[in-house]
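Just follow the structure's listing: the first ligand is 1, and inside any ligand the first atom is 1.
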Amino acid sequence: MMIMKRDATDEDIKRVIREIKVHGLKADVSRGDFRTVIGLVGDESKVPFDNFAIMPGVKEVVKIETPYKLISREYGRAADGLSGASKTIDIGNIHIGNGEPIIMAGPCAVENKKQLFMIAEAIKKAGAHILRGGIFKPRSSVHSFQGVGGSDRKSAEQALKWMRDAGKEYGLPVVTEVRGEDHVDLAAEYVDILQIGSRNMYNQDLLAKVGKKNKPVLLKRHFGAGIEEFLSFADYIAAEGNKDIILCERGIVPVGKGKEYTRYTLDLAAVPVIKKETYLPIIIDPSHSTGRRDLIFSMSCAAIAAGADGLMIEVHYNPQEAIVDGRQTITPGELQDIIKACRKIHSLVKPGVYA
Ligand code: PEP
Ligand code: MN
């Protein structure tokens, strides 16, 4: 990154950007409160860093050693003049990061309008902030329900309208997963947050596509990805200019043979680690990580104690009836108890949470 002097002129900044482009790279311009920092995006192996260091307006050229650069705390700190503040993502009057834990709740899969509206009303009453619901479902078998949007574009658009309308009706921003590049433009018309599912964390083209949108992105960690890999792929979104990224830990592949007790292994230490490494908010999904409704309460409490900025929880008014993931789905009443407990825990741990 090129750290510009406090008194660098616009012309100085433009000159550096032009020079970066000459070398075939893109410039990521971060105008902080105190100074401008220009990050390099692309293959930097042939960049003559020494030449940049002596350009007018350039204070210092600093090499960020991690493979994720644009979302790194080091980069954010440079732009913000050492305050190192974490990012808050604002969606209407909901603020994700640096404050009250934000609870995203709703069905695994949107099934029909009535189901969605009933759940939206119930989670709002329980104290949730954001409505979730899958319209394009990633499924292990082509023979199972692919989500209402899985069949054709018309049904997908219809379901997206239900989401938008349910959100409006109950005052809840909405989030849905985009499974493929084709879904992005359509979904972005109706939802407030675009979710990239675990299986797509490695899909560079999809990440680049949502990175070009002016919408917050919820990126779920792949169940086989290390933390460094997870953050590196988040940089593909940031590299397109979109830094409104909410990271989500949703469990990694469990060890051991035979009958597993949990669907995945919830990596709670990822929360404080990621908070040290990046300025982005991180939330926990206790539903997919455990696969068990009887563990959602304890893992939600643990996540907030670990400093998570929020939770994503699968909720249905009748979990037994849910077409997808009923075993890990809780009732609105249980959600309410979790939210109450999490508020208390948050008020206790807040001073110790890295921000
Ligand atoms: C989901 O949140 O709907 C989902 C499918 O989760 P994941 O991508 O983490 O498996
Ligand atoms: Mn699910």
Side-chain angles (χ1 to χ4, degrees), residues 102-111 115-116 119 123 128 130-142 144-150 156 159-160 163 174-180 183 187 191-203 206-207 210 216-225 227 229-230 233-234 237 245-254 260 262-268 270-271 282-293 295-296 299-300 303 308 310-316 318-331 335:
I102 296 303
I103 313 300
M104 307 184 186
C108 175
V110 172
E111 296 168 9
Q115 174 242 23
L116 183 65
I119 295 174
I123 65 143
I130 294 176
L131 174 66
R132 66 145 281 145
I135 289 171
F136 309 101
K137 293 305 301 173
R139 302 304 303 277
S140 304
S141 169
V142 71
S144 39
F145 174 57
Q146 308 288 307
V148 180
L160 286 161
M163 279 234 56
V174 297
V175 53
T176 205
E177 176 173 349
V178 285
R179 209 182 45 206
H183 301 154
V191 303
D192 303 286
I193 306 173
L194 298 168
Q195 177 174 330
I196 304 284
S198 188
R199 288 152 194 83
N200 265 315
M201 187 209 85
Y202 291 110
N203 187 339
L206 183 57
L207 298 177
V210 296
V217 176
L218 173 72
L219 177 66
K220 299 188 93 175
R221 177 182 181 182
H222 187 272
F223 35 79
I227 292 174
E229 247 183 323
F230 180 29
F233 278 88
I237 302 171
I245 306 166
I246 305 150
L247 300 166
C248 178
E249 153 61 23
R250 46 77 72 213
I252 50 178
V253 175
E260 295 297 346
T262 55
R263 189 172 174 186
Y264 293 94
T265 296
L266 178 55
D267 180 9
L268 276 182
V271 173
I282 163 125
I283 67 164
I284 289 286
D285 171 351
S287 307
H288 292 91
S289 51
T290 63
R292 284 173 57 164
R293 73 168 68 101
L295 302 184
I296 309 299
M299 290 303 98
S300 296
L311 301 168
M312 177 179 256
I313 304 178
E314 289 185 338
V315 178
H316 196 288
N318 183 3
Q320 275 80 7
E321 218 181 79
I323 300 179
V324 190
D325 283 350
R327 272 158 41 109
Q328 65 196 36
T329 299
I330 59 167
T331 63
L335 178 70

Contact check, Arg221 vs ligand 1, heavy-atom distance below 4.0 Å:
no

Practice task
Decide yes or no on salt bridge (Lys or Arg N to Asp or Glu O under 4.0 Å) for Arg263 and Asp325, but give the supporting numbers first.
Solution key: CA-CA 11 Å; Arg263 189 172 174 186; Asp325 283 350; 3.2 Å; yes

Electrostatic pair Arg132-Glu314, nearest N-O below 4.0 angstrom | yes

Closest non-hydrogen atoms of Val315 and Ala105, given as atom of the first, atom of the second and distance, are CG2-CB, 3.9 Å

Under 6.0 Å from the ring centre and within 45 degrees of the ring axis: does the NZ or CZ of Arg250 meet both conditions for the six-membered ring of Tyr264? yes

Leu268 and Ala303 have their tightest heavy-atom pair at CD2-CA, 3.8 Å

Within less than 2.8 Å of the Mn ion (ligand 2), the count of protein N, O or S atoms comes to 4

Exercise. Parallel, tilted or perpendicular: which fits the ring planes of Phe233 and Tyr202, with parallel below 30° and perpendicular above 60°?
Worked result: perpendicular

Closest non-hydrogen atoms of Lys220 and Ser198, given as atom of the first, atom of the second and distance, are CB-N, 3.7 Å

for atom 6 (O) of ligand 1, nearest protein heavy atom and its distance come out as Lys220 NZ, 2.9 Å

Min over Gly251, Gly197, Ser198, Pro138 of heavy-atom distance to atom 5 (C) of ligand 1 lands on Pro138

Out of Gln195, His288, Arg250, the nearest non-hydrogen contact to atom 10 (O) of ligand 1 is supplied by Arg250

The single option from Val210, Leu218, Ile245 that satisfies side chain to side chain contact (heavy atoms under 4.5 Å, CB included) with Ile196 is Val210

Checklist line | Check: Asp285 N/O within less than 3.5 Å of ligand 1 N/O | finding: no

Are any of the N or O atoms of Glu314 closer than 3.5 Å to those of ligand 1? no

(message) Taking atom CZ as the centre, does Arg139 end up with more than 12 heavy-atom neighbours from other residues, nucleotides or ligands that are less than 6.0 angstrom away?
(response) yes

Atoms of ligand 1 under 4.0 Å from any heavy atom of Glu177, numbered from 1 in the order shown, are 5 (C)

